[in-house]
Number of protein chains: 2
Amino acid sequence: MTSRQEFIEKLRNSSLRPTKQRINICEVLFNRDKTFHFTINDLFNLIKDKTGEKVSLATVYNTVHAFHKKGYLKEITINSNQTYFDTNVTDHHHFFDVKEEKLIDLKNEDVGPIEIQRSIPGKKIKSVEVLVKLED
Amino acid sequence: MTSRQEFIEKLRNSSLRPTKQRINICEVLFNRDKTFHFTINDLFNLIKDKTGEKVSLATVYNTVHAFHKKGYLKEITINSNQTYFDTNVTDHHHFFDVKEEKLIDLKNEDVGPIEIQRSIPGKKIKSVEVLVKLED
DNA sequence: TAGTTGTTTATAATTATTCTAAAGAAGATT
DNA sequence: AATCTTCTTTAGAATAATTATAAACAACTA
């Protein structure tokens, strides 16, 4: 399903050579059924756990940023001291469980269309994101 | 209008003794007509400029956090490496000009009501925030 | 006024992220 | 497959935002 060939394709599309380290990163990022929300540090630790091989933190940062730039990862807007990413790159919104520091995807129909009825001259809308914070 | 007495009241309500430093912080935060968006560092520099007196960074952090906890300041959700605050504590949304790194308030009627049609058992909604990113 | 408690401050510690430069690997050329 | 060029990896240093620390000091209480 999510094969090594696909990973290599994604890497090449992102102007990255398919190295062993980057394939390992892809393995953790894309070889899964469900959406995956993570911080760089989560990912860094998972790579060690899942592949048994260590990849340097700098490489994780570089690769994730390249994927983000290419649109293979979505950056999630939360006020936290860490940056979150999402393998679900479609336009969608999030719950954020403040206590557990966990992200949950919201389908677009769970929120409904959002009409922004104001514009700023010379600027256009790049994204519209809803973040619903949850408490107990 | 926004008098020293009000500042002292806000401080007392936040369980803070009204010291010279904290009054200076209030002066910059609350003695203004329009909504004020800022980072701690903005505020830190403005205090020096506006009052001529220096307040240590730690005091600025402590005071802002106490006001935030008490509800006199609103924390804004942006994915940036800095935390933003807003003196407009009413429920409202924002534009964020990515290029200029500037926040603009959106009135609630500019966005319209947002219906969240999904719930998570045991959790309740704490806040719903829309962030509209702008590009050129 | 004295005594208790809270506050300020400079500085150190911590954390997330980016930078750097040397050693190594990938891809192209023969 | 040997060589060359270019890209990559990596550890560790650098940076930046934030939080913690502890000694000097100011506010409140009795």
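Treat the numbers as computed from the prediction; the structure is a model and nothing was measured. Naming convention: chains lettered A, B, ... in sequence-line order (proteins, then strands); numbering from 1 in each chain.
At whole-Å resolution of the value, CG in A/L57 and C1' in C/dC19 are 13 Å apart. Rounded to whole angstrom, the span from the CG atom of B/D42 across to the C1' atom of D/dA16 amounts to 15 Å. Taking atom NE2 of residue A/H65 and atom P of nucleotide D/dT9, one finds them 15 Å apart after rounding to whole Å. Between the P atom of D/dT18 and the CZ atom of B/F44 lies a distance of 13 Å, rounded to the nearest Å. In this structure, the CD atom of B/Q82 is 13 Å from the C1' atom of D/dT15, given to the nearest Å. The distance from atom CZ of B/R12 to atom P of C/dG6 is 13 Å, rounded to the nearest whole Å. Between A/E101 atom CD and C/dT15 atom P there is a gap of 13 Å when expressed in whole angstrom units. Computed from coordinates, the B/K48 NZ to C/dT9 P distance equals 12 Å when rounded to whole Å.
In this model, the phosphate group of C/dT8 is approached by a side-chain N or O of B/R22 to a distance below 4.0 Å at OP1 or OP2. Within the structure, a side-chain polar atom (N or O) of A/Y61 is placed less than 4.0 Å from OP1 or OP2 of C/dT17. At C/dA10, one or more side-chain N or O atoms of B/K54 fall inside 4.0 Å of OP1 or OP2 (strictly under the cut-off). Residue B/Q21 places none of its side-chain N or O atoms closer than 4.0 Å to OP1 or OP2 of D/dA26.
At the heavy-atom level, B/T83 lies under 4.0 Å from the strands shown only through sugar-phosphate atoms. Contacts of B/T19 with the nucleic acid, taken as non-hydrogen atoms under 4.0 Å apart, involve only primed sugar atoms and P, OP1 or OP2.
Mapped onto DNA chain D by nearest heavy atom, A/S56 and B/I40 fall at different nucleotides, with A/S56 at the one closer to the 5' end. In terms of position on DNA chain C, the residue among B/T63 and A/P18 whose nearest nucleotide sits closer to the 5' end is B/T63.
No close placement of the A/H37 and A/F85 rings is indicated, their centers lying 6.0 Å or farther apart. Residues A/F30 and A/F67 bring their aromatic ring centres within 6.0 Å.
A salt bridge is defined here as a Lys NZ or Arg NE, NH1 or NH2 lying under 4.0 Å from an Asp or Glu carboxylate O, and B/E129 with B/K74 meets this definition.
Between the B/H92 side chain and the B/T90 main chain, a donor and an acceptor come within less than 3.5 Å of each other.
Ring geometry for A/F96 versus A/Y84: interplanar angle over 60°, hence perpendicular rather than tilted (30 to 60°).
The side chain of B/R17 approaches C/dG6 more closely than any other nucleotide in the set C/dG6, C/dA10, D/dA17. In this structure, of D/dA17, D/dT10, C/dT8, it is D/dA17 that holds the atom nearest to the side chain of B/N81.
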